[in-house]
Number of protein chains: 2
Amino acid sequence: MARSTHVRRPATLASLAAELGVSRTTVSNAYNRPDQLSPELRRRVLETARRLGYPGPDPVARSLRTRKAGAVGLLLTENLSYAFRDPAALGFLEGLALACEGAGQGLHLVPVNPEREDVAAVHRAGVDGFVVYSVPDDDPHLAAVLSRPVPTVVADQPHVEGVDRVGIDDRAAITALAKRLISLGHRRVGVLCMRLTRDRNDGFVTTERAETATFHVQRARLAGLTDAFGAVGVDWGRVPVVERFDHSIASGASAAAQLLDADPHVTALICTSDILALGALAEARRRGLRVPQDLTVTGFDGIADADRVGLTTVRQPVLEKGRAAGKLLLASVDPTRPREITLNTELVPGSTAAPPRTAEERWFGP
Amino acid sequence: MARSTHVRRPATLASLAAELGVSRTTVSNAYNRPDQLSPELRRRVLETARRLGYPGPDPVARSLRTRKAGAVGLLLTENLSYAFRDPAALGFLEGLALACEGAGQGLHLVPVNPEREDVAAVHRAGVDGFVVYSVPDDDPHLAAVLSRPVPTVVADQPHVEGVDRVGIDDRAAITALAKRLISLGHRRVGVLCMRLTRDRNDGFVTTERAETATFHVQRARLAGLTDAFGAVGVDWGRVPVVERFDHSIASGASAAAQLLDADPHVTALICTSDILALGALAEARRRGLRVPQDLTVTGFDGIADADRVGLTTVRQPVLEKGRAAGKLLLASVDPTRPREITLNTELVPGSTAAPPRTAEERWFGP
DNA sequence: TGGATTGACCGTAACGGTTCAGAACCAATT
DNA sequence: AATTGGTTCTGAACCGTTACGGTCAATCCA
């Protein structure tokens, strides 16, 4: 297989037109509106194009003129590469890709380094709109996106007034999970959560920090837990909450260790993500704690691996979320579209939650 | 959090300049070359910009002028959404994203429908170059990519003269695996392979079809097997090869079933991908065949799930491949760059390969 | 037959920037 | 006093295309 010869970049629509002795409009029409010129002339145009090595209208110039880039930008909190490792993000991406594909739109992943505040990449992206996936309230990249005159849809977080959004009711979802644990008898629980702010803070979380977290989703989930346990008289100020900046199984394990070391009497570890919960399970195993007999562990998201190990969790429709975000964005011209989509979640009973052992059982076995 | 007021689209670099009574050049410099104007004036420019709701230089117009889009295009065979499900593709994507990120380049996923021959999306993508991942020799989208005057790197397949490429030595890699099976004593083997052409052909593969497959990688792998088994006198024409269009565990299972139904005496199933091999394992389990005692199964790729089940396979560095492709593309200006990168593979012994049972063992147990 | 319609094509004006070669000005040096 | 150098800003060309509003001749219809 040989590659066709490559002219350096001489041919343009204008040069083609000159060569043919027709107007640029006509050449343009040959490509974009075949019905606007005779088949014979069109054939000649296309053939001359081939002969001159003209690759067809330049996409960038076209975009400038038509004010359409044919692509949707995607902004993520994490490094791009991270998105390909986190199952929930991946599901979202798949759904978004599906929507884009359906509309013939490209998907432009914007390269941002979450550590640095370099916002230039956002300004450089030639896109017709942005989907912003799960970033903190004060993300400078988000601000840069919003400053651009293109429609934007936020997925999950944050809530921004006047900006379309798709997500779930995190607070209600985790409240339902908490109520289940409460009805099982758990009162002394611990919480593992994902990062609450842009700054790293691996360790225990004060009530104030929990309430002022700039990651809305985490804030809402913690608030949901406060709701549920507060309603049955648990003093939330005394509930240990451990935060981890990195979202990984190893983080979950170390957070669980830190929490269990500090408070060995907790009967349940409530994790705000499945990944953290998988880490907690690993740590429990390492300590010889049986789940759920000795310790209840719950997650959030409903990823495949959670399913595999029978994790008690909340399933959210991540793929559907991605697709909804894409559709919402692509429907931006339609003033009757919904401005906010809240998807349903589902409690997954799993097998990692059970009633806590009584004091007696603790000492004498079940 | 409230969104800043949004002007419809009045402000442009020119209007800003007019408002300020300076030239467009100066406004442009305020954004791109701060050292070219006094700090005071720059401050005024930026402040007026904010006041007028000017979002900064339009990325598309800038791209037109500078001839840089700041993004790399990625072309895949499958639907975009598929890429997020196939572990090998995912690893590649992660590596590619890493490379792009490092260079501050966006990653533009081109939406192609492999069923249709709609090549327009390729022409519409405003990118500085393309990475083409694993497409058939005769893919029209690839042809469209090559017709564009931008650098291109092909990953895996096909081999195109004059086009940079990164991949592995599929033929040698699978030959090594085959030799291992041969040394274990396998002579009667079956093969499960991925699609060989753009057309669906679920079923047995003739020698001719294998040799003329338009998916170069599959062709090379089958050829590698022919090499190895031919060398020990196995008549390759008699070796059953089953092809599946869809790449999924279910496909692997059904292909294994089809093969085992037709030839129950094979002692090993050689699969050209781990996914297919996982399906073969499932089918073996369903039939009550113990692996590796009753049946040897091998894969190719070295995905995480293969590792988990101890599959005998060939590991290829998918992430590294993606990164190499990205780097190669981004180094296109450098004439001393390598034009082709062949990465190393590694035989993973695993635990799904063992010597075949003898006829006696078959009847009387091991 | 004559007015209206249609088909095929064209000229001009954007689209919104960047770039480069200077101009204007001022201070310092020769 | 003339030269040099540096800073700050400008004018005009250019990037390659498509939208818009035509022109002009051929065809249609009653």
Side-chain angles (χ1 to χ4, degrees), chain A residues 7-45 48-49 52-70 120 123-128 148-150, chain B residues 7-45 48-49 52-70 120 123-128 148-150:
Chain A
V7 190
R8 208 47 193 143
R9 183 151 245 298
T12 121
L13 200 144
S15 67
L16 232 194
E19 172 83 15
L20 283 157
V22 302
S23 77
R24 305 208 299 276
T25 303
T26 298
V27 178
S28 175
N29 284 337
Y31 285 94
N32 304 316
R33 308 158 109 152
D35 58 312
Q36 294 291 305
L37 71 176
S38 64
E40 160 58 13
L41 179 53
R42 182 170 133 91
R43 200 194 49 70
R44 265 181 57 219
V45 171
T48 309
L52 264 54
Y54 176 65
D58 180 280
V60 174
R62 165 184 284 160
S63 287
L64 174 60
R65 186 64 245 238
T66 61
R67 321 189 72 33
K68 299 221 169 316
H123 285 119
R124 233 194 308 270
V127 297
D128 298 326
R148 293 211 21 199
V150 294
Chain B
V7 191
R8 209 46 194 145
R9 181 152 251 294
T12 126
L13 198 143
S15 69
L16 230 193
E19 171 83 15
L20 282 157
V22 302
S23 74
R24 307 207 310 278
T25 303
T26 299
V27 178
S28 175
N29 284 337
Y31 284 94
N32 304 317
R33 308 163 134 178
D35 57 312
Q36 294 291 304
L37 72 173
S38 64
E40 161 58 15
L41 179 54
R42 181 170 133 92
R43 200 194 49 68
R44 269 181 54 220
V45 171
T48 309
L52 264 53
Y54 174 65
D58 180 279
V60 175
R62 165 183 285 161
S63 287
L64 175 60
R65 183 65 241 241
T66 61
R67 321 195 76 27
K68 299 221 169 317
H123 284 119
R124 234 194 309 269
V127 297
D128 299 326
R148 291 207 27 195
V150 294

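Naming convention: chains lettered A, B, ... in sequence-line order (proteins, then strands); numbering from 1 in each chain. What's counted below: heavy atoms across the whole structure, side chains too, no hydrogens, waters or symmetry copies.
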With sequence neighbours left out, write down each residue that passes side-chain contact (heavy atoms from CB on, under 4.5 Å) with Ala18(B), or none if nothing qualifies. none
Hits for side-chain hydrogen bond (donor to acceptor under 3.5 Å, both in side chains) against Thr48(B), two or more places apart or cross-chain, chain-then-number order -> none
Looking at dG16(D), I'd like to know if its phosphate oxygens (OP1 or OP2) sit under 4.0 Å from a side-chain N or O belonging to Arg67(B). yes
So does Arg65(B) reach the base of dT18(C) with its side chain, donor to acceptor, closer than 3.5 Å? yes
Listing request: all salt bridge (charged side-chain N to carboxylate O under 4.0 Å, His left out) pairs with a residue in residues 15-24 of chain A, at least two apart in sequence or in separate chains. Glu19(A)-Arg51(A)
From CD of Gln36(B) across to P of dG22(C) the rounded distance in Å is 16 Å
Describe, as an angle rounded to 10 degrees, how the axis at the first end of the helix from dT1(C)-dA30(D) to dT30(C)-dA1(D) is tilted relative to the axis at the last end, five pairs per end. 40°
Mind checking what makes salt bridge (Lys or Arg N to Asp or Glu O under 4.0 Å) contact with Arg43(B), not counting sequence neighbours? Glu40(B), Glu47(B)
Sequence neighbours excluded, the answer for side-chain contact (heavy atoms from CB on, under 4.5 Å) partners of Leu64(A) is Val60(B), Ala61(B), Leu64(B)
Residues two or more places apart in sequence or in another chain: which of them pass side-chain contact (heavy atoms from CB on, under 4.5 Å) with Thr26(B)? Val22(B), Ser23(B), Leu37(B), Leu41(B)
Tyr54(B) side chain N/O closer than 4.0 Å to the phosphate oxygens (OP1, OP2) of dG17(C)? yes
Could you list by number each residue of residues 21-30 of chain A showing a heavy-atom separation from DNA chain D of less than 4.0 Å, or answer none if no residue does? Arg24(A), Thr25(A), Ser28(A)
In residues 37-45 of chain A, which residues come under 4.0 Å of DNA chain C by heavy atom? Leu37(A), Ser38(A), Leu41(A)
Verify the contact: side-chain N or O of Arg62(A) to OP1 or OP2 of dT18(D), cut-off strictly under 4.0 Å; return yes or no. yes
